[in-house]
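These notes concern the structure reproduced below.
Note that the numbering runs from 1 along the sequence shown for the chain.
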Amino acid sequence: MNAPADRDLILRARRGDAKADAYGELVARYQTSVFNVCYRILHERGEAEDMVQESFMRAYERLNTFDDAREFGPWIRRVAANVCLNHLSSQKPTSELEEERDANQSRGPEAVVEVRERSEQIRAALASLPPHYRVVVELRHYQEMPYDEIAAELKIPLSDVKSHLFRARKLLAEKLK
């Protein structure tokens with residue numbers, strides 16, 4: 001049996017037909033990608049998990065405003081990015097990242113160590129960026145959003161998006177030298 005399309009689940013959730021089941025299926029489909037967005041912005045697992053829940057609750061409350069001609073995945077990830085950005089603006093900077101294992105185990109031990117060290121350097125450099133730079137990097141490079149959509153999503157001028165990206169890349173390059 002084929003899984004229902006996102007659009008069908010959204011329509012069912014809006015109608016109230018097994019609302020929890022339809023929306024629950026959407027949550028199951030997108031929870032990993034939403035967590036990835038939250039974690040890359042917040043750099044703290046516990047906070048990212050909390051913001052995932054907040055993102056899905058906020059999306060559920062606004063499900064009637066979703067344009068079902070568009071795809072649900074990018075929309076819920078943008079909701080998550082906004083939730084995280086709002087959270088960051090209300091908080092002071094978070095503590096250091098938890099250590100993760102990014103290395104590919106099929107490589108030799110030296111390569112594994114090099115990949116892990118470089119990944120840690122990149123994560124640390126991203127975490128050290130100011131939140132408004134971090135979120136623009138997330139939306140552009142990880143969500144692959146065009147500049148104009150980033151500007152619309154963050155409600156900032158297009159020139160600010162370009163400026164933030166330029167400065168963020170410059171800071172990252174300096175930190176990674």
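Taking all atoms of both residues into account, the shortest heavy-atom contact from L129 to R134 is O-NH2, 3.1 Å. Taking every heavy atom of both residues into account, R29 and A5 meet most closely at NH1-C, 3.8 Å.
Residue F35 holds its CZ atom at 9.5 Å from CG of L42, rounded to the nearest 0.5 Å. Taken from CG in L126 to OH in Y133, the straight-line distance is 14.0 Å, to the nearest 0.5 Å. Separating the CD atom in E144 from the CD1 atom in I150 is a distance of 11.0 Å, to the nearest 0.5 Å. Atoms CG and CD, on N86 and E54 in that order, are 9.5 Å from each other to the nearest 0.5 Å. Note: E44 CD to D50 CG = 8.5 Å, rounded to the nearest 0.5 Å. To the nearest 0.5 angstrom, I10 atom CD1 is 5.5 Å from F72 atom CZ.
In terms of hydrophobic clustering, with Ile, Leu, Val, Met, Phe, Trp and Tyr side chains grouped at heavy-atom distances under 4.5 Å, L63 and M57 are assigned to different clusters.
Evaluation of the side-chain contact (heavy atoms from CB on, under 4.5 Å) rule for D67 yields A69, R70 as partners, not counting sequence neighbours. By the side chain to side chain donor-acceptor pair (under 3.5 Å) test, Q121 pairs with R118, sequence neighbours left out. For Y30, the side chain to side chain donor-acceptor pair (under 3.5 Å) partners are D6, not counting sequence neighbours. With sequence neighbours excluded, the residues satisfying side chain to side chain donor-acceptor pair (under 3.5 Å) with R40 are E138.
Seen from the ring of Y147, R140 counts as a face-on cation partner, given the 6.0 Å and 45° thresholds.
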Indicate every side-chain donor-acceptor pair of residues 74-85 with a distance under 3.5 Å to a residue at least two apart or in another chain.
{"residue": "R77", "atom": "NE", "partner": "Q143", "partner atom": "OE1", "Å": "2.9"}
{"residue": "R77", "atom": "NH1", "partner": "S33", "partner atom": "OG", "Å": "3.4"}
{"residue": "R78", "atom": "NH2", "partner": "E149", "partner atom": "OE1", "Å": "2.6"}
{"residue": "N82", "atom": "ND2", "partner": "E153", "partner atom": "OE2", "Å": "2.6"}

Without placing hydrogens or testing angles, list every side-chain donor-acceptor pair under 3.5 Å for residues 164-177, not counting sequence neighbours.
{"residue": "H164", "atom": "ND1", "partner": "D160", "partner atom": "O", "Å": "3.4"}
{"residue": "R167", "atom": "NH1", "partner": "S163", "partner atom": "OG", "Å": "3.0"}
{"residue": "R169", "atom": "NE", "partner": "H141", "partner atom": "NE2", "Å": "3.3"}
{"residue": "R169", "atom": "NH2", "partner": "H141", "partner atom": "NE2", "Å": "3.1"}
{"residue": "K175", "atom": "NZ", "partner": "S128", "partner atom": "OG", "Å": "3.2"}

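Side-chain atoms of M51 and I41, non-hydrogen and from C-beta on, never get closer than 4.5 Å to each other. Using a 4.5 Å cut-off on side-chain heavy atoms (C-beta onward), L26 and Y23 make contact. The side-chain heavy atoms of Q31 and V34, taken from C-beta on, include no pair separated by under 4.5 Å.
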Check step by step if side chain to side chain contact (heavy atoms under 4.5 Å, CB included) holds for L154 and L139. CA-CA 10 Å; L154 298 178; L139 294 175; 4.1 Å; yes

